[in-house]
Amino acid sequence: MNHELIESLKTLKDVQVVAVSKKRSKEQIEEVAKAGLRVFGENRVQEFIDKYDPAYTWHIIGHLQTNKVKYIIGKVDLIESLDSLKLAKEIEKYAARQDLIQDVLVQIKISNDPMKTGLPYEEAEEFLKSLQAYPHIRVRGFMCVATHTDDMNLVAEEFENMHTLYKSMKTIYPTIDTLSMGMSHDYKIAIEHGANMVRIGTAIFE
């Protein structure tokens, strides 16, 4: 565990740090929590179920399958990877059953990498309009994953495009207040370009 980095991250102003706990043990999560980071992000629902502790705040940050939604509603604070109306319908169904409002981020695909998932950038505004039909879903903002490259100019450009979208939609939808972008290798650039939530795993745990 990188104590020095954790102490540095705790000094960030107006930036929420999500410790990405995929493939980490419960013991490692507990150590990080004791050090002061208590928001954790899981990619896979099964790992989340195995590690879930209500003492911490949990996010689902990976691609979420519709048949897994029922296992997380009421337990996760934020679903960061909403990218289809099919998934939105499932979230709405299970949130309504529990009579709660589920906070979500819409995942936008800003990279040309075919392995990256997310809603096409140009479809974001229409998608937000469609989500107004789901009263148990509250859109808090956007999440994205930049191209994995050593070209930091490209990464900065992608983040700036995402920030532009965030600012424009924020003026229309009052619940939007979160822009989640940046991971272990590029979170500093993300913050420079408007991120107020970053997802850091390897740099924290190793």
Side-chain angles (χ1 to χ4, degrees), residues 2-23 32 36-37 39-43 57 59-64 77-84 103-128 131 139-206:
N2 191 331
H3 290 277
E4 184 177 348
L5 175 61
I6 290 174
E7 290 305 310
S8 174
L9 293 172
K10 284 159 59 177
T11 67
L12 292 175
K13 294 182 178 180
D14 303 317
V15 178
Q16 174 69 69
V17 176
V18 180
V20 179
S21 50
K22 64 178 182 178
K23 298 181 181 179
V32 169
L37 298 181
V39 181
F40 296 96
E42 278 295 332
N43 277 43
T57 298
H59 294 188
I60 291 294
I61 60 175
H63 178 68
L64 178 60
D77 184 73
L78 188 64
I79 296 172
E80 293 200 29
S81 50
L82 175 59
D83 62 358
S84 72
D103 285 339
V104 304
L105 300 183
V106 175
Q107 183 173 359
I108 301 297
K109 188 175 188 291
I110 60 170
S111 167
N112 290 323
D113 185 343
M115 298 300 291
K116 296 288 192 296
T117 59
L119 193 74
Y121 184 94
E122 60 274 10
E123 296 179 16
E125 185 170 2
E126 192 62 34
F127 187 69
L128 289 179
L131 291 179
V139 179
R140 295 289 304 278
F142 300 98
M143 183 269 264
C144 68
V145 179
T147 300
H148 189 74
T149 175
D150 292 329
D151 184 354
M152 291 299 104
N153 289 326
L154 173 60
V155 171
E157 180 181 345
E158 291 175 346
F159 284 155
E160 188 55 37
N161 289 339
M162 194 67 241
H163 189 223
T164 298
L165 175 65
Y166 168 74
K167 289 189 295 183
S168 65
M169 294 298 100
K170 185 177 172 65
T171 63
I172 302 172
Y173 298 96
T175 61
I176 289 180
D177 60 9
T178 303
L179 180 55
S180 176
M181 58 185 192
M183 299 187 291
S184 289
H185 63 287
D186 58 16
Y187 75 91
K188 291 181 180 179
I189 296 175
I191 293 171
E192 290 174 3
H193 290 273
N196 55 22
M197 181 178 288
V198 292
R199 308 175 305 277
I200 305 177
T202 302
I204 288 174
F205 284 94
E206 295 183 355

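- Going from atom CE of M169 over to atom CG of L179 covers 13.0 Å, rounded to the nearest 0.5 Å.
- Under the ring pair (Phe, Tyr, Trp, His ring centres under 6.0 Å) criterion, the residue pairs touching residues 152-191 are H148-H185, with sequence neighbours excluded.
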| field | side chain to side chain contact (heavy atoms under 4.5 Å, CB included) between F142 and L128, intermediate numbers included | value | CA-CA 11 Å; F142 300 98; L128 289 179; 3.8 Å; yes
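- Two residues are said to be in side-chain contact when any heavy atoms from C-beta on lie closer than 4.5 Å; N153 and E157 fail this criterion.
- The minimum heavy-atom distance between M181 and C144, with the atom names listed, is CB-SG, 3.5 Å.
- Side-chain contact check for F205 versus V20: every heavy-atom pair is 4.5 Å or farther apart.
- L165 places none of its side-chain heavy atoms less than 4.5 Å from the side chain of I110.
- For E125, the CD atom counts as loosely surrounded, since its 6.0 Å shell holds 12 or fewer non-hydrogen atoms of other residues, nucleotides or ligands.
- Interatomic distance, NE2 of H59 versus OG1 of T57, reported as 6.5 Å (0.5 Å rounding).
- When the shell of 6.0 Å around CD of E122 is examined, it contains more than 12 heavy atoms from other residues, nucleotides or ligands.
- In terms of heavy atoms, T11 sits closest to E7 at CG2-O, 3.3 Å.
- Distance check, rounded to the nearest 0.5 Å: CD1 of I61 to CG of L78 gives 10.5 Å.
- Of the possible donor and acceptor atoms, one in the side chain of T149 sits under 3.5 Å from a partner among the backbone N and O of D151.
- Shown here is K170, whose NZ atom has more than 12 heavy atoms of other residues, nucleotides or ligands within 6.0 Å.
- In this structure the side chain of S81 never reaches within 4.5 angstrom of the side chain of H63, judged on heavy atoms.
- No more than 12 heavy atoms of other residues, nucleotides or ligands shown are found within 6.0 angstrom of CG on D150.
- Side-chain contact check for L37 versus K10: some heavy-atom pair is nearer than 4.5 Å.
- Partner V17 forms a side-chain contact (heavy atoms from CB on, under 4.5 Å) with one of V39, L12, I6, L5 and no other, that one being L12.
- Note that CD of Q107 and OG of S84 are 11.0 Å apart. Values are rounded to the nearest 0.5 Å.
- The shortest side-chain heavy-atom distance between I79 and V104 falls under the 4.5 Å cut-off.
- Of all heavy-atom pairs between S168 and T171, the closest is O-OG1, 2.6 Å.
- Residue K23 qualifies as open at atom NZ: its count of foreign heavy atoms under 6.0 Å is 12 or below.
- Residue L82 holds its CG atom at 9.5 Å from CD1 of I108, rounded to the nearest 0.5 Å.
- Judged purely by atom type and a 3.5 angstrom limit, E80 has no side-chain atom pairing as donor or acceptor with the backbone of S180.
- When the salt bridge (Lys or Arg N to Asp or Glu O under 4.0 Å) test is applied to E42, the partners found at least two apart in sequence or on another chain are K51.
- Without hydrogens or angle criteria, S184 side chain to A203 main chain gives a donor-acceptor distance under 3.5 Å.
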| request: Just do the side chain to side chain contact (heavy atoms under 4.5 Å, CB included) check on L9 and I204 with the steps written out, would you? | output: CA-CA 10 Å; L9 293 172; I204 288 174; 3.9 Å; yes
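- Using a distance-only test at 3.5 Å, with no hydrogens or angles considered, no donor-acceptor pair links the side chain of N161 to the main chain of E158.
- Residues V155 and M152 are in side-chain contact: their nearest non-hydrogen atoms beyond the backbone lie under 4.5 Å apart.
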| field | Working for side chain to side chain contact (heavy atoms under 4.5 Å, CB included), residues D83 and F127 | value | CA-CA 9 Å; D83 62 358; F127 187 69; over 6 Å; no
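- Atom CE of M143 is separated from atom CE of M162 by 10.5 Å, given to the nearest 0.5 angstrom.
- Taking both residues in full, the closest heavy atoms of A124 and L119 are given as CA-CD2, 3.9 Å, listed atom of the first, atom of the second, then distance.
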| request: List the steps and the verdict of salt bridge (Lys or Arg N to Asp or Glu O under 4.0 Å) for D177 and R140. | output: CA-CA 6 Å; D177 60 9; R140 295 289 304 278; 3.0 Å; yes
